[in-house]
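Worksheet: the structure to be examined is printed underneath.
We name chains A, B, ... by the order of the sequence lines, and we start the count at 1 in each one.
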There are 2 protein chains.
Amino acid sequence: MLTKAEKPSLEMPAARRLPSFPLTVDTVILTILEGELKVVLVKRLDEPFAGLWALPGGFVHEKESLESAARRELREATGAQDVYLEQLYTFGEPQRDTRGRVVSVAYVALVAADRCPLTPHRLEAEARWFSVYELPAMAFDHREMLDTALSRVRTKLEYTTLGFQLMPATFTLKELQSSYEIVLHRSLDKRNFRRRLKLLDLVEAVGEKRAEGPGRPAMLYRFKDVDFLHLREKGFFLPF
Amino acid sequence: MLTKAEKPSLEMPAARRLPSFPLTVDTVILTILEGELKVVLVKRLDEPFAGLWALPGGFVHEKESLESAARRELREATGAQDVYLEQLYTFGEPQRDTRGRVVSVAYVALVAADRCPLTPHRLEAEARWFSVYELPAMAFDHREMLDTALSRVRTKLEYTTLGFQLMPATFTLKELQSSYEIVLHRSLDKRNFRRRLKLLDLVEAVGEKRAEGPGRPAMLYRFKDVDFLHLREKGFFLPF
DNA sequence: CCAATAGTGTCTTTCAGACAGTATTAT
DNA sequence: ATAATACTGTCTGAAAGACACTATTGG
């Protein structure tokens with residue numbers, strides 16, 4: 001564990017050892033699937049809370065950064081790589097894990113629907129997408145983590161380009177608006193939504209979509225390479 | 001360290017022990033003093049970085065929550081209690097501490113100028129208030145922590161009642177505006193500032209202030225018990 | 001031509017930003 | 001009366017919110 005460095009070592013200073021704690025990362029992985037905001041949960045096989053559902057997470061390795069650990073969990077749970085990942089909050093109540101004290105650094109990830117393996121799975125445990133409005137009983141303080149994540153994402157959606165992360169490469173404006181509505185859990189006015197998109201100069205048309213059902217086909221759009229300074233002037237930010 | 005619980009224990013599951021890490025909390029303690037935004041730094045006596053200045057911090061005890069640990073550090077560094085304290089970010093790069101891997105949970109505290117002991121001191125080390133614009137070389141990644149804290153505080157100042165925390169119980173509108181200007185590091189228009197205060201219904205007059213210098217004396221104000229729902233309607237929030 | 005969905009423009013209100021003069025006090 | 005500081009009101013432009021009709025397609 002601690003490197004036996006030449007000069008000062010964490011083992012030396014006091015006669016007694018420093019208290020140290022196992023560290024975990026837990027990731028709140030969100031996507032939009034089937035018109036709903038969904039989160040990945042895995043079924044626990046081991047105690048404590050065996051049989052309950054939990055956020056994908058695991059212990060931080062010796063020489064791994066926190067974000068690397070979170071990305072590792074993300075990859076194991078969904079196969080997704082290079083997706084948006086943000087540190088959320090650190091949960092460290094002494095009693096939060098019944099086995100002993102474990103501190104957990106929670107992360108949020110947003111993945112685009114088209115980059116999610118349809119059924120994420122790990123070797124160790126069953127994993128499923130759950131609607132954030134139809135959640136099973138959850139282990140540890142994972143429900144609190146999820147609530148914190150939703151609150152963070154909803155706030156940031158309004159003044160950052162975070163929403164991009166949930167979309168496939170091309171999409172219709174209707175689909176984009178739906179995503180916002182699903183995350184924010186309220187309806188938006190179509191004209192006002194589009195007016196604002198135009199004002200912020202966030203998207204550009206790429207072609208026409210063949211209609212899937214009846215009715216006029218919608219234009220396809222993609223996100224433009226955003227001009228950070230331009231956005232800031234309008235009180236809009238990148239999500240990091 | 002880990003409780004030897006009856007059933008599952010963190011020592012059991014695998015044959016090899018789980019990696020575990022010493023955890024520290026570091027607190028960015030901000031106040032307004034002498035017309036400047038200041039932060040408490042303590043001079044390090046021990047390696048690593050002996051002689052450099054650092055944020056007040058220390059190891060998390062066995063059975064202490066993270067916030068308790070931060071409050072303990074806050075109390076040791078300044079004597080302040082019952083002040084605003086918010087978790088900021090967790091810094092966990094494997095190489096951030098040269099002694100070995102230490103993960104640090106950073107907190108921000110805002111203290112009112114009249115609640116700061118004039119010269120904070122600890123037994124172990126010299127402590128001083130530094131202007132955030134005239135900083136000495138700092139240990140570890142503490143400079144990054146401070147920058148993160150400033151960014152957080154500035155953002156929250158604009159849409160929360162966080163600014164309250166920097167003020168004494170009563171104050172003039174001029175003083176309040178000065179505090180905002182000092183934190184935000186830009187000047188504000190007096191009339192627009194007051195208009196907004198009135199709109200949000202944040203303060204109430206309590207009497208008159210005896211003039212200290214020449215000129216018309218200013219009214220004294222205090223913060224009202226804020227109506228959370230009312231604020232939310234106006235896009236304003238409590239700071240937690 | 002009908003059903004279904006995509007796309008667009010205007011009015012009103014609110015709020016932020018820029019800006020200058022009056023009021024009260026001590027000397 | 002003068003100097004110093006406190007206090008206040010208006011105009012303008014930008015953006016948000018509310019709201020209804022036209023356009024394009026397949027059947």
Should the pair [X] and [Y] be assigned to parallel (<30°), tilted (30 to 60°) or perpendicular (>60°) ring geometry?
{"X": "A:H185", "Y": "A:Y133", "result": "parallel"}
{"X": "B:F91", "Y": "B:Y89", "result": "perpendicular"}
{"X": "A:F171", "Y": "A:F223", "result": "tilted"}

Spacing of [X] atom [atom1] relative to [N] atom [atom2], expressed in whole Å:
{"X": "B:M219", "N": "C:dT25", "atom1": "CE", "atom2": "C1'", "value": "15 Å"}
{"X": "B:L184", "N": "C:dA16", "atom1": "CG", "atom2": "C1'", "value": "15 Å"}
{"X": "B:L197", "N": "D:dT8", "atom1": "CG", "atom2": "C1'", "value": "14 Å"}
{"X": "B:R194", "N": "C:dA20", "atom1": "CZ", "atom2": "P", "value": "18 Å"}
{"X": "A:E175", "N": "C:dG7", "atom1": "CD", "atom2": "P", "value": "10 Å"}
{"X": "B:Q177", "N": "D:dT5", "atom1": "CD", "atom2": "C1'", "value": "13 Å"}
{"X": "B:E208", "N": "C:dT24", "atom1": "CD", "atom2": "C1'", "value": "9 Å"}
{"X": "A:F193", "N": "D:dA18", "atom1": "CZ", "atom2": "P", "value": "16 Å"}

### Query
Any salt bridge between A:R96 and A:E144, counting N to O under 4.0 Å?
no

## Note on the structure
Each nucleotide of nucleotides 9-16 of chain D classed B (base within 4.0 Å of a protein heavy atom), S (only sugar-phosphate) or -, in 5' to 3' order, makes BB----SB

### Task
Kindly say if A:R216 contacts the phosphate of C:dA4, meaning a side-chain N or O under 4.0 Å from OP1 or OP2.
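Answer no for this pair, as no side-chain N or O of A:R216 is under 4.0 Å from OP1 or OP2.
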
### Message
If you assign each of A:P214 and B:K190 to its closest nucleotide in DNA chain D, which residue comes earlier from the 5' end?
### Response
B:K190

### Message
On DNA chain C, does the nearest nucleotide to A:P217 precede the nearest nucleotide to B:P217 from the 5' side, or the other way round? Give the residue.
### Response
A:P217

#### Entry: A:T160 side-chain N/O to A:L162 backbone N/O, donor-acceptor pair under 3.5 Å
yes

### Message
Whether the side chain of A:S178 engages the backbone of A:K174 through a donor-acceptor N/O pair (distance < 3.5 Å, no angle test) should be reported.
### Response
yes

### Message
Is any side-chain heavy atom of A:F193 closer than 4.5 Å to one of A:L176?
### Response
yes

